[in-house]
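Following: one structure in structure tokens, then a few remarks.
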Amino acid sequence: MSVLHLLPVGTVDGSLLVELRRGLASAFHVRCEIVRPQIDPEFAFHPERMQYHSTELLGRMAAYAGQ
């Protein structure tokens, strides 16, 4: 059975995650789980560009794949 994992990045309201989990599970007909703990994205922030570096975030997220 397929499982969709939600990995919060930054501060995300818990009730929003629960609603998102329900909606995604219903839309895609798969089990959906919220992965804990959430990732603090500050390590990937580049002040000179005033944005987050996506490759760094994706690298950190990869550690949670398959949980």
Would a hydrophobic clustering, with Ile, Leu, Val, Met, Phe, Trp and Tyr connected at side-chain separations under 4.5 Å, put [X] with [Y]?
{"X": "V35", "Y": "I39", "result": "yes"}
{"X": "V12", "Y": "V9", "result": "no"}
{"X": "Y52", "Y": "L7", "result": "yes"}

Minimum heavy-atom distance between A25 and C32, given as atom pair plus value: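 Nearest pair, atom of A25 first, then C32: CB-CB, 4.0 Å.
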With heavy-atom distances below 4.5 Å as the criterion, would you say the side chains of [X] and [Y] are in contact?
{"X": "R22", "Y": "V18", "value": "yes"}
{"X": "R31", "Y": "L4", "value": "no"}
{"X": "L17", "Y": "P8", "value": "yes"}

Any chance you could measure [X], atom [atom1], to [Y], atom [atom2], to the nearest 0.5 Å?
{"X": "R60", "Y": "D40", "atom1": "CZ", "atom2": "CG", "value": "8.5 Å"}
{"X": "I34", "Y": "L20", "atom1": "CD1", "atom2": "CG", "value": "8.0 Å"}
{"X": "R49", "Y": "Q51", "atom1": "CZ", "atom2": "CD", "value": "4.0 Å"}

F45 atom CZ, neighbour heavy-atom count above 12 within 6.0 Å: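 Above 12, so yes.
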Side chain E33, main chain H5, donor-acceptor under 3.5 Å: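 No: the side chain of E33 does not pair with the backbone of H5.
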